[in-house]
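Index from 1, following the sequence.
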Amino acid sequence: MKKILVAVADYPRLDGGRAMSFVHVRNRYYVEAGLDVEVLNFSSKINYEIDGIPVITLQNFQENLKKFQILICHAANLRNHYKFLRKYDINFKQIIFIFHGHEILKINEAYPKPYDFCRRSLWKDKFQDFYDCFKFEVWRKYFLKNSKKIKLIFVSRWLYEQFKKNLHLNKFKGKTYIVHNSVGRIFEQVSYNVFQKKEFDFITIRGNLDDSKYGVDLVVAMAKKYPKMKFLLIGKGQFFNYNDKPKNLIWVEETLLHEKMLDYMDKSKCALFFTREDTQGVMACECATYGMPVITSDIDVCREIFGGMHNVVLMPNNISQWNAVKVVDRLLVNLPYKKNSMYYAKNTVDKEIKIIKQCLGNWI
């Protein structure tokens, strides 16, 4: 009998696709800790192996009907995970849900309004509200029915509070944990090069420029407000098909591996991560762990995640309320910053490994 199956809507691929790479980071640590891990990728049509971790299709699982001690569901949705659980949860002795955001949030309430070029019709917004209420009730019933065999992990306390509010499970009998996402290992191993010549005043790295929660419009507004400062924006999207790009903003339309990111980060004075909603902000955590000065938004989840990190300053999303030159100068005075281990694997993913091993009990 296999030990652990990790179920995901998508997963990094051999062709360079990086979907849900934060799950792969975890899985590599699991394997290093001696855990037997296999991944069920609902989006894949072929079986493959990446970094020694086997990835299977739903068809492969159905044909072989393997039994596992533990199922780990990341960002569980109804279309994939719930449908799968309805048929096969009997094949697992324990089920761990790791929540990352959308799956337990009321989208139209928690997320900011989309940019005009991404705006949906009114009926789609109404359907989203209906769907969210439906998914809350479905998951609520499932968690209550299976409370003896499930554990729930949240990547921030803020997200846990949203879960209790939306699913009305304040006194859930199952075990719940707060375990933050780990930063990539390279951010633990190396540090920000304060001696590298700086080409940019600010760097912003985003996977999706078109999601309004990531505040690319605020980065553009900052660039317009401070024309003598130089901004670097990395990420893909259609944003600049609909918005003018300031001359002092350099856009790199790529999805970068960590090693390439470090090169750009070392050439920048400060990381700039506006956000209107987030559950942790892993990229900002990685920049902060690297030892860069970081400016991010003064919202609830950021107060939780970055409290106590001396190289991070929280500022209002209303950029008219503060002076970027003064904030950056204040941050640069204290360089170099001592490495902060808050989001190292030993303080994050190792907690997950401990929970998993407790579930495995005498099977290890």
Side-chain angles (χ1 to χ4, degrees), residues 4-9 20 22-23 26 40 42 68-111 125-181 213 277-282 299-305 348-349 351-361:
I4 302 165
L5 181 68
V6 178
V8 288
M20 300 189 76
F22 52 87
V23 179
R26 285 172 165 81
L40 169 59
F42 290 117
F68 294 78
Q69 277 109 0
I70 296 175
L71 172 67
I72 300 177
C73 294
H74 281 275
N77 60 50
L78 300 185
R79 183 178 69 256
N80 298 133
H81 298 79
Y82 181 70
K83 185 177 179 181
F84 176 79
L85 288 165
R86 285 286 301 272
K87 289 185 178 181
Y88 302 114
D89 63 0
I90 195 172
N91 288 53
F92 307 94
K93 295 180 180 297
Q94 293 279 316
I95 302 171
I96 298 173
F97 289 85
I98 302 183
F99 298 107
H100 298 274
H102 69 86
E103 65 273 33
I104 51 173
L105 293 175
K106 190 170 184 179
I107 301 301
N108 289 332
E109 181 180 296
Y111 283 41
D125 283 339
K126 290 184 178 297
F127 176 77
Q128 183 69 59
D129 288 337
F130 168 80
Y131 179 78
D132 286 343
C133 291
F134 175 70
K135 77 183 179 188
F136 295 156
E137 187 60 22
V138 169
W139 284 124
R140 181 178 184 277
K141 289 180 178 178
Y142 186 84
F143 295 148
L144 290 173
K145 180 181 178 181
N146 297 279
S147 62
K148 291 183 179 180
K149 67 181 292 185
I150 70 173
K151 289 179 171 56
L152 311 178
I153 297 176
F154 302 85
V155 299
S156 65
R157 182 161 298 281
W158 177 85
L159 189 59
Y160 177 46
E161 295 301 324
Q162 295 298 308
F163 168 85
K164 292 191 292 183
K165 181 182 76 171
N166 291 330
L167 276 73
H168 306 292
L169 287 174
N170 290 320
K171 297 181 179 179
F172 180 63
K173 294 181 180 179
K175 292 187 177 179
T176 59
Y177 307 85
I178 311 296
V179 182
H180 299 113
N181 287 299
K213 72 178 183 178
E277 181 278 330
D278 216 319
T279 51
Q280 179 175 337
V282 178
I299 62 175
D300 287 346
V301 68
C302 292
R303 294 182 201 114
E304 172 193 345
I305 296 300
T348 54
V349 70
K351 294 180 180 179
E352 291 180 14
I353 291 171
K354 183 178 180 180
I355 294 167
I356 292 168
K357 288 185 175 181
Q358 287 173 346
C359 291
L360 289 171

> Using every non-hydrogen atom in the two residues, find where Lys151 and Cys359 come nearest and quote the distance to one decimal.
CD-SG, 3.7 Å
> Which atom pair, heavy atoms only, marks the closest approach of Val301 to Thr279?
CG2-O, 3.5 Å
> With heavy-atom distances below 4.5 Å as the criterion, would you say the side chains of Ile355 and Tyr177 are in contact?
yes
> Roughly how far apart are Ile356 CD1 and Ile72 CD1, rounded to 0.5 Å?
3.5 Å
> Nearest 0.5 Å please: distance from the CD1 atom of Ile98 over to the CD atom of Glu352.
4.0 Å
> Name all residues meeting the side-chain contact (heavy atoms from CB on, under 4.5 Å) criterion together with Lys354; count only those two or more places apart in sequence or in a different chain, and write none if there are none.
Gln358
> Using side-chain heavy atoms (C-beta onward) and a distance below 4.5 Å, is Leu169 in contact with Phe143?
yes
> With Arg303, which residues qualify under salt bridge (charged side-chain N to carboxylate O under 4.0 Å, His left out), at least two apart?
Asp298, Asp300
> Supply the atom-to-atom distance Gln69 CD to Lys93 NZ, rounded to the nearest 0.5 angstrom.
7.0 Å
> How many angstroms lie between atom OH of Tyr111 and atom CG of Asp278, to the nearest 0.5 angstrom?
8.5 Å
> Do you know which two heavy atoms are closest between Ala9 and Met20, and how far apart they sit?
N-SD, 4.1 Å
> On the 0 to 90° scale, with breaks at 30° and 60°, tag the Phe97-Phe99 ring pair as parallel, tilted or perpendicular.
parallel
> Sequence neighbours excluded, which residues qualify as side-chain contact (heavy atoms from CB on, under 4.5 Å) partners of Thr176?
Leu152, Phe154, Tyr160, Phe172
> Contact between Leu159 and Ile178 at the side-chain level, heavy atoms closer than 4.5 Å - yes or no?
no
> Is there a donor-acceptor contact under 3.5 Å from the side chain of Glu304 to the main chain of Arg157?
yes
> If you round to the nearest 0.5 Å, how far is NE2 of His168 from CZ of Arg140?
7.5 Å
> Check the pair Lys83 / Arg79 against side-chain contact (heavy atoms from CB on, under 4.5 Å), numbers first and verdict last.
CA-CA 6 Å; Lys83 185 177 179 181; Arg79 183 178 69 256; over 6 Å; no
> Run the side-chain contact (heavy atoms from CB on, under 4.5 Å) test on Ile104 and Asn166 for me, step by step, so that the C-alpha distance in whole Å, both residues' side-chain angles and the decisive distance to 0.1 Å come before the verdict.
CA-CA 7 Å; Ile104 51 173; Asn166 291 330; 5.7 Å; no
> Does the side chain of Ile305 reach to within under 4.5 Å of the side chain of Ser156, using non-hydrogen atoms?
yes
> Determine whether Arg26 and Asn181 make a side-chain contact, defined as any pair of heavy atoms from C-beta on separated by less than 4.5 Å.
yes
> Once ring-ring contact (aromatic ring centres under 6.0 Å, His included) is applied, do any residues pair with Trp158, and if so which ones, sequence neighbours excluded?
none
> Step by step, would you call Val282 with Val155 a side-chain contact (heavy atoms from CB on, under 4.5 Å)?
CA-CA 10 Å; Val282 178; Val155 299; over 6 Å; no
> Tell me whether the count of non-hydrogen atoms from other residues, nucleotides or ligands lying under 6.0 Å of OH in Tyr131 goes above 12.
yes
> Roughly how far, to the nearest 0.5 Å, is the CG atom of Asn91 from the CG atom of Leu71?
9.5 Å
> Can you list everything that forms a side chain to side chain donor-acceptor pair (under 3.5 Å) with Asn80? Sequence neighbours excluded, please.
Asn77
> Taking salt bridge (charged side-chain N to carboxylate O under 4.0 Å, His left out) as the test, write out the residues that go with Lys351, two or more places apart.
none
> Within the 4.5 Å heavy-atom criterion, are Lys135 and Asp132 side-chain neighbours or not?
yes
> Excluding sequence neighbours, so at least two apart, what forms salt bridge (charged side-chain N to carboxylate O under 4.0 Å, His left out) with Lys165?
Glu109
> Among residues at least two apart in sequence or on other chains, which ones pass side chain to side chain donor-acceptor pair (under 3.5 Å) with Glu161?
Lys164
> Name all residues meeting the side-chain contact (heavy atoms from CB on, under 4.5 Å) criterion together with Asn146; count only those two or more places apart in sequence or in a different chain, and write none if there are none.
Asp89, Tyr142, Lys149, Ile150
> Determine which pairs satisfy side chain to side chain donor-acceptor pair (under 3.5 Å) with at least one residue from residues 96-108, sequence neighbours left out, and list them in order.
His74-His100, Asn108-Arg120, Asn108-Asp129
